[in-house]
Amino acid sequence: MTAEAPPAPALSYGRLIPVTVHFDDLDALGLLHNARYPLLVERAWAELWQANGITFDGDWAAAGDACNAVKELRLTYEAPVTRPGLYAVHLWLDRLGTTGLTYGFRFCSADGAVTYARGSRVLVRLDATTLRPAPWSEGFRGAARELLRPDA
């Protein structure tokens, strides 16, 4: 008789996006390099937003909601990632304002059961001409509302 793996925890909010850690993402000690965590989280967000039609093709004037800048990044490492392979990033929004948002994330095992790092990032939507804060579009806000954490 073989033992079955425990079921993956059900997410009550947000999305779990698969990511891959490659051998060259590891540092000299064989640990996922600290600078790779934000990069992998960024790639997960890019995939999620692209699935919602929000993309950047090099034209800032046409970028719309993709024209944004990071105001703050917080990251806490909880357990080391010691090998390449499939993992995931759990993404959600903690706050959706008129011109900014705060999202939360967990870098975790592929099934979401083990958390290796967690954090948050504040983004500000920018006007491409003035680089001043600008409101998110209604289309973006609709997609973003689906990611809001219930107790946020």
Side-chain angles (χ1 to χ4, degrees), residues 7-22 24-27 31-81 84-152:
L11 296 178
S12 61
Y13 59 92
R15 292 275 310 276
L16 197 62
I17 306 294
V19 296
T20 301
V21 171
H22 298 277
D24 60 355
D25 292 322
L26 305 180
D27 64 15
L31 306 174
L32 180 58
H33 192 280
N34 68 81
R36 295 295 192 182
Y37 289 86
L39 175 68
L40 291 165
V41 170
E42 178 68 22
R43 288 178 180 164
W45 271 114
E47 182 177 324
L48 186 144
W49 289 126
Q50 285 173 1
N52 284 286
I54 299 162
T55 60
F56 175 69
D57 66 3
D59 180 359
W60 285 114
D65 296 301
C67 184
N68 57 67
V70 176
K71 181 177 180 181
E72 176 182 297
L73 172 66
R74 293 175 184 250
L75 181 58
T76 301
Y77 304 98
E78 296 189 7
V81 171
L86 295 177
Y87 294 86
V89 179
H90 178 197
L91 303 170
W92 67 88
L93 290 183
D94 285 321
R95 182 188 67 81
L96 176 60
T98 303
T99 62
L101 61 80
T102 303
Y103 71 70
F105 62 88
R106 287 185 315 119
F107 188 90
C108 52
S109 57
D111 65 1
V114 177
T115 299
Y116 298 100
R118 68 177 66 242
S120 65
R121 191 163 93 159
V122 176
L123 292 180
V124 177
R125 162 75 161 86
L126 299 176
D127 177 278
T129 304
T130 65
L131 298 182
R132 301 291 307 151
W136 301 109
S137 71
E138 280 308 310
F140 178 89
R141 295 179 68 72
R145 280 187 200 101
E146 294 179 16
L147 298 169
L148 278 168
R149 190 177 54 159
D151 56 350

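Computation of the quantities below employed the complete heavy-atom set of this structure, encompassing side-chain atoms and omitting hydrogens, waters and symmetry-equivalent molecules.
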Test item: N68 and L126 side chains (from C-beta on) under 4.5 Å apart, heavy atoms: no
Pairwise side-chain contact, L32 with Y116, heavy-atom cut-off 4.5 Å (strictly under): no
Closest non-hydrogen atom pair, L31 against P80: CD2-CB, 3.8 Å
Spatial distance of atom CG (L93) from atom OG1 (T102) [nearest 0.5 Å]: 8.5 Å
Closest heavy-atom pair and its distance - H90, C108: N-SG, 4.2 Å
Stepwise side chain to side chain contact (heavy atoms under 4.5 Å, CB included) test for L40 and V21: CA-CA 8 Å; L40 291 165; V21 171; 4.0 Å; yes
Over all atoms of both residues, closest heavy-atom pair of S12 and P150: O-CG, 4.2 Å
CZ on F107 to OG1 on T115, rounded to 0.5 Å: 11.0 Å
Enclosure of R74 CZ (heavy-atom neighbours >12, cutoff 6.0 Å): no
Main-chain N/O of D24 paired to H22 side chain as donor or acceptor, under 3.5 Å: no
Salt bridge (charged side-chain N to carboxylate O under 4.0 Å, His left out) contacts touching residues 113-125 (sequence neighbours left out): E42-R121, D65-R125, E78-R118
Inter-residue atom distance Q50.CD - R43.CZ, 0.5 Å rounding: 12.0 Å
Test side chain to side chain contact (heavy atoms under 4.5 Å, CB included) applied to L96 and R141, step by step: CA-CA 8 Å; L96 176 60; R141 295 179 68 72; 3.8 Å; yes
Working for side chain to side chain contact (heavy atoms under 4.5 Å, CB included), residues L16 and D111: CA-CA 8 Å; L16 197 62; D111 65 1; 6.0 Å; no
Any P84 side-chain heavy atom under 4.5 Å of D25 side chain: no
Side chain to side chain contact (heavy atoms under 4.5 Å, CB included) between L75 and V41, intermediate numbers included: CA-CA 11 Å; L75 181 58; V41 170; over 6 Å; no
Closest heavy-atom pair and its distance - V19, A44: CG1-CB, 4.1 Å
Closest non-hydrogen atom pair between C67 and A128, with its separation: SG-CA, 4.0 Å
Atom pair CG (L147) and CH2 (W45), whose distance is rounded to the nearest 0.5 Å: 5.0 Å
For the student: nearest non-hydrogen atoms of L48 and N52, plus distance: O-ND2, 3.0 Å
Flag side-chain contact, heavy atom, 4.5 Å: L123 against V70: yes
Pairs flagged by ring pair (Phe, Tyr, Trp, His ring centres under 6.0 Å) wherever residues 128-147 is involved - sequence neighbours left out: W49-F140, W136-F140
Test: R132 and D127 ion pair at under 4.0 Å: no
Distance (rounded to the nearest 0.5 Å) between Y87 OH and T20 OG1: 10.5 Å
Donor-acceptor contact below 3.5 Å, side chain R106 vs main chain G112: yes
Under the ring-ring contact (aromatic ring centres under 6.0 Å, His included) test, residues paired with Y77 that sit two or more places apart: Y37
